[in-house]
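Atoms within a ligand are numbered from 1 in the order they appear, just like the ligands themselves.
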Amino acid sequence: MNALPETLLKTLHEVVGDAGLITDAERMHSYLSDWRNAYHGQAAMVLRPASTGEVAAVVRLCSEAGVALVPQGGNTGLCGGSIPDDSGKQVVLSLTRMVRIRAVDSGNETMTVEAGVILQRLQEAAAEVGRLFPLSLGAEGSCTVGGNLATNAGGTAVLRYGNMRDLVLGLEVVLPDGRIWNGLRGLRKDNTGYDLKQLFIGSEGTLGIITAAVLKLFPAVRSRTTAWVALPSPQAAVELIGQMRSLCGDRLTGFELMSRQSLDFVLSHVAGCNDLFGEIHPWYVLIELSDTLANAPLNDMLESSLGEAFERGTALDAVVASSEAQVAALWALREGISEAQNHEGPSLKHDISVAVSSIPAFIEEADMRLQKAFPSVRIVAYGHVGDGNLHYNISKPLGAEDSAFKAQGEAIMRVIFDVTVSFAGSISAEHGLGQSKRDAARHYKDPLELELMRSIKQTLDPAGLMNPGKLL
Ligand code: FAD
Ligand code: 2HG
Ligand code: ZN
């Protein structure tokens with residue numbers, strides 16, 4: 001029997017129709033756990049409204065009935081934010097039928113899109129009008145613009161274009177009581193008070209349902225150079241990025257660091273990936289330069305930077321891609337890490353940030369403290385150096401029982417977050433808090449900031465029906 005009253009079920013069905021209602025356990029299955037199979041929940045139903053009006057009607061009905069909603073986009077989030085609790089009373093509100101690109105305004109360099117549009121489709125739509133939508137991440141074939149906004153997603157181009165927060169001019173949001181806030185303005189300047197859209201960006205579905213957005217477009221990229229470089233240390237990476245930034249400016253659009261352990265996992269588990277050097281090196285960076293000019297001298301800039309780095313001993317070896325296939329092969333080495341780490345058993349994900357200049361000291365300190373307390377765990381460190389953002393992930397020791405490793409999870413996390421905070425860093429740089437880091441945020445975040453956040457939540461969602469148990 002369904003946990004919701006029969007009359008509510010009937011009215012919700014009338015709003016969304018057969019195509020928008022799932023109550024069958026088998027069909028609900030994929031909405032109730034994440035892709036890593038790390039989080040599981042139950043739900044009274046999955047609703048898939050097809051328009052803002054339908055979302056508003058659903059939210060109003062659920063609000064009146066005191067039913068909690070869990071917004072969901074592509075369900076690619078990494079901290080359990082889109083998964084309901086196990087009560088079976090919550091409703092998953094999937095935005096995946098809201099896939100319209102409502103408008104493209106080339107003169108204003110903007111695009112108005114609905115929340116369920118897949119990120120890759122957005123990139124393609126921008127390319128169709130000769131523009132770039134720069135947000136880029138490993139899950140771009142499945143994640144949605146609503147999820148990107150709700151998590152303030154980052155990815156591999158943040159060092160040049162910023163994260164999702166920087167790419168938005170306006171939002172349309174269904175508030176927790178069902179009213180529609182139409183903030184779909186394409187203005188680059190608007191100083192008429194608080195910037196309300198920023199409240200919803202990064203709020204992980206706890207303040208309202210994002211239904212559409214006005215996003216910024218950028219000039220298309222017409223030349224690109226991609227290189228894979230071996231380095232002796234994270235310090236060398238920080239020196240190289242500094243050197244390249246001063247030479248190349250905004251042409252430096254990607255600078256991704258990965259440890260040998262990360263690469264080993266990819267080589268073991270991702271088909272078609274090969275080591276590019278005869279020797280094993282401790283660290284690697286994937287560098288990308290790009291330009292709006294078709295014949296920009298990017299190779300010259302790269303060669304000059306690397307030449308200097310080889311002389312100083314801060315680069316050990318390098319391969320420059322000479323075809324689109326090679327570019328894809330280099331990115332596969334980087335983008336394959338998440339999937340590869342999954343094949344090595346349970347893992348603990350720590351998506352931290354520190355000042356770029358503190359990355360080497362952070363890694364040294366965290367490695368040292370972890371190796372002392374948990375000598376056999378495997379440290380899988382990689383990330384977006386230009387953003388000071390490391391995925392300082394931990395895989396279970398070889399041969400260890402899953403349960404024994406999981407039992408140590410909390411203590412391992414404490415070590416890593418203590419070190420992060422000692423460097424004035426953040427315990428979540430880009431993935432958000434969801435359910436996995438909610439308690440840690442309570443522990444590590446400034447009490448005054450938490451109080452302000454709670455008062456915002458109380459004002460917008462006094463009944464606490466929007467994604468309860470997440471973030472706060
Ligand atoms: P979901 O997972 O469905 O939801 C995420 C959160 O947003 C949940 O709290 C949910 O309730 C809320 N939400 C979703 N839609 C809405 C909406 N319309 N209104 C209100 N709330 C909503 N993230 C990065 O930042 N950078 C990366 O480089 C990156 N790489 C990844 C690589 C892989 C292989 C994978 C699997 C994930 C990666 N992620 C990365 C994480 C994830 O893809 C992003 O967090 C993404 O933005 C989530 O989008 P989604 O549509 O899947 O959202
Ligand atoms: C990345 O940069 C993503 O590849 C995923 O943010 C990180 O899986 C992870 O921990
Ligand atoms: Zn990342």
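- Not one N or O on the side chain of T420 forms a donor-acceptor pair closer than 3.5 Å with the backbone of I427.
- Counting heavy atoms closer than 4.0 Å to ligand 1, residue T151 contributes side-chain atoms (C-beta onward) but none from N, CA, C or O.
- Below 4.0 Å from some heavy atom of R334 lie the following atoms of ligand 2, by number and element: 1 (C), 2 (O), 4 (O).
- Those atoms of ligand 1 that come under 4.0 Å of a heavy atom in G205, given as number and element, are 20 (C), 21 (N).
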Take S290 and T253 through the side chain to side chain donor-acceptor pair (under 3.5 Å) test and state the conclusion after the steps.
CA-CA 6 Å; S290 60; T253 44; 2.9 Å; yes
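- Residue G81 approaches ligand 1 through these ligand atoms, each under 4.0 Å from one of its heavy atoms: 8 (C), 9 (O), 11 (O).
- Residue G208 has at least one heavy-atom neighbour below 4.0 Å for each of these atoms of ligand 1: 20 (C).
- Taking the six-membered ring where the residue is Trp, the centroids of H343 and F265 are separated by 6.0 Å or more.
- Geometrically, ligand 1 and L137 share no nitrogen or oxygen pair separated by less than 3.5 Å.
- Residues Q341 and H391 have side chains that never bring a donor and an acceptor to within less than 3.5 angstrom of each other.
- Closest heavy-atom contact between E344 and K396: O-CG, 4.0 Å.
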Evaluate the criterion side-chain contact (heavy atoms from CB on, under 4.5 Å) for residue pair V266 and H269; output intermediate values, then yes/no.
CA-CA 5 Å; V266 173; H269 300 292; over 6 Å; no
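- Among Q326, E288, E324, the single residue meeting the side-chain contact (heavy atoms from CB on, under 4.5 Å) criterion with T226 is E288.
- At a 4.0 Å cut-off, not a single heavy atom of G434 sits close enough to ligand 1 to count as contact.
- Residues S136 and E140 have side chains that bring a donor and an acceptor to within less than 3.5 angstrom of each other.
- Annotation: A139 places no N or O atom under 3.5 Å from an N or O atom of ligand 1; distance criterion only.
- Residue N393 touches ligand 2 through its side chain alone, judged by heavy-atom distances below 4.0 Å.
- Taking every heavy atom of G147 and a limit of under 4.0 angstrom, the matching atoms of ligand 1 come to 14 (C), 15 (N), 47 (O), 49 (O), 50 (P), 51 (O), 53 (O).
- Judged by distance alone, the side chains of D367 and Y392 do bring a donor and an acceptor atom under 3.5 Å apart.
- A donor-acceptor pair under 3.5 Å is formed between the side chain of Q72 and the backbone N or O of S82.
- Note: no N/O pair closer than 3.5 Å links Q72 and ligand 1 by distance alone.
- Looking at N467, its side chain never comes within 3.5 Å of a backbone N or O of L69 through a donor-acceptor pair.
- For a threshold of 3.5 Å applied to N or O pairs, the pair formed by S142 and ligand 1 contains no separation below that value.
- Backbone and side-chain nitrogen or oxygen atoms of G73 are examined, and one is located within less than 3.5 angstrom of a nitrogen or oxygen of ligand 1.
- No side-chain donor from either of S142 and T76 sits under 3.5 Å from a side-chain acceptor of the other.
- At least one donor-acceptor pair closer than 3.5 Å links the side chain of H40 to the backbone N or O of N37.
- For H431, the heavy-atom gap to ligand 2 drops under 4.0 angstrom.
- Distances below 4.0 Å separate heavy atoms of Y382 from the following atoms of ligand 2: 4 (O), 7 (C), 8 (O), 9 (C), 10 (O).
- Considering backbone and side-chain atoms together, N467 places an N or O closer than 3.5 Å to an N or O of ligand 1.
- S259 and S262 share a donor-acceptor pair across their side chains, judged by distance under 3.5 Å alone.
- Taking every heavy atom of A153 and a limit of under 4.0 angstrom, the matching atoms of ligand 1 come to 25 (O), 47 (O).
- Shown in contact with L95 at under 4.0 Å from a heavy atom are these atoms of ligand 1, numbered in order with element: 18 (N).
- Side-chain atoms of D418 and Y444 form a donor-acceptor pair, as typed in the model, at a separation below 3.5 Å.
- Salt-bridge formation is detected for the pair R102/E172: a Lys NZ or Arg NE/NH1/NH2 atom is positioned less than 4.0 Å from an Asp or Glu carboxylate oxygen.
- Side-chain contact between R334 and Y284: absent, with no pair of heavy atoms (C-beta onward) separated by less than 4.5 Å.
- Checking H391 against the Zn ion (ligand 3), an N/O/S atom falls under the 2.8 Å cut-off.
- Counting only non-hydrogen atoms, the option in L69, L78, T211 that gets closest to atom 39 (N) of ligand 1 is L78.
- With D351 contributing its side chain and H431 its backbone, the two residues share a donor-acceptor pair below 3.5 Å.
- Contacts of H431 with ligand 1, taken as heavy-atom pairs under 4.0 Å, involve the side chain alone.
- Ranking protein heavy atoms by distance to atom 42 (C) of ligand 1, first place goes to T76 OG1, 3.3 Å.
- The part of L78 lying near ligand 2 is the side chain, judged by heavy-atom distances below 4.0 Å.
- For the residue pair E256 and H384, a side-chain donor N or O sits within less than 3.5 Å of a side-chain acceptor on the partner.
- Distance alone, capped at 3.5 Å, places no donor-acceptor pair between the Q198 side chain and the D195 backbone.
- Of all the N, O or S atoms in H384, the one closest to the Zn ion (ligand 3) is NE2.
- The shortest N/O to N/O separation between N75 and ligand 1 falls below 3.5 Å.
- On a distance-only criterion, S338 and ligand 1 share no N/O pair closer than 3.5 Å.
- In this structure, H384 counts as a contact residue of ligand 2, since one of its heavy atoms falls inside 4.0 Å of the ligand.
- Looking at ligand 1, you'll find an N or O of P71 within less than 3.5 Å of one of its N or O atoms.
- Here the N, O or S atom of E430 that is nearest to the Zn ion (ligand 3) is OE2.
- For ligand 1, none of its N or O atoms has an N or O atom of W35 under 3.5 Å away.
- When D351, L119, I210 are ranked by how near their heavy atoms come to atom 17 (C) of ligand 1, first place goes to I210.
- Against a heavy-atom cut-off of under 4.0 Å, N148 is close to the following atoms of ligand 1: 46 (C), 47 (O), 49 (O).
- Close approach to T144 involves these atoms of ligand 1, each under 4.0 Å from a residue heavy atom: 50 (P), 51 (O).
- Among protein heavy atoms, atom 22 (C) of ligand 1 sits closest to A150 CB, 3.4 Å.
- An N or O contact shorter than 3.5 Å is missing between E335 and ligand 2 by distance.
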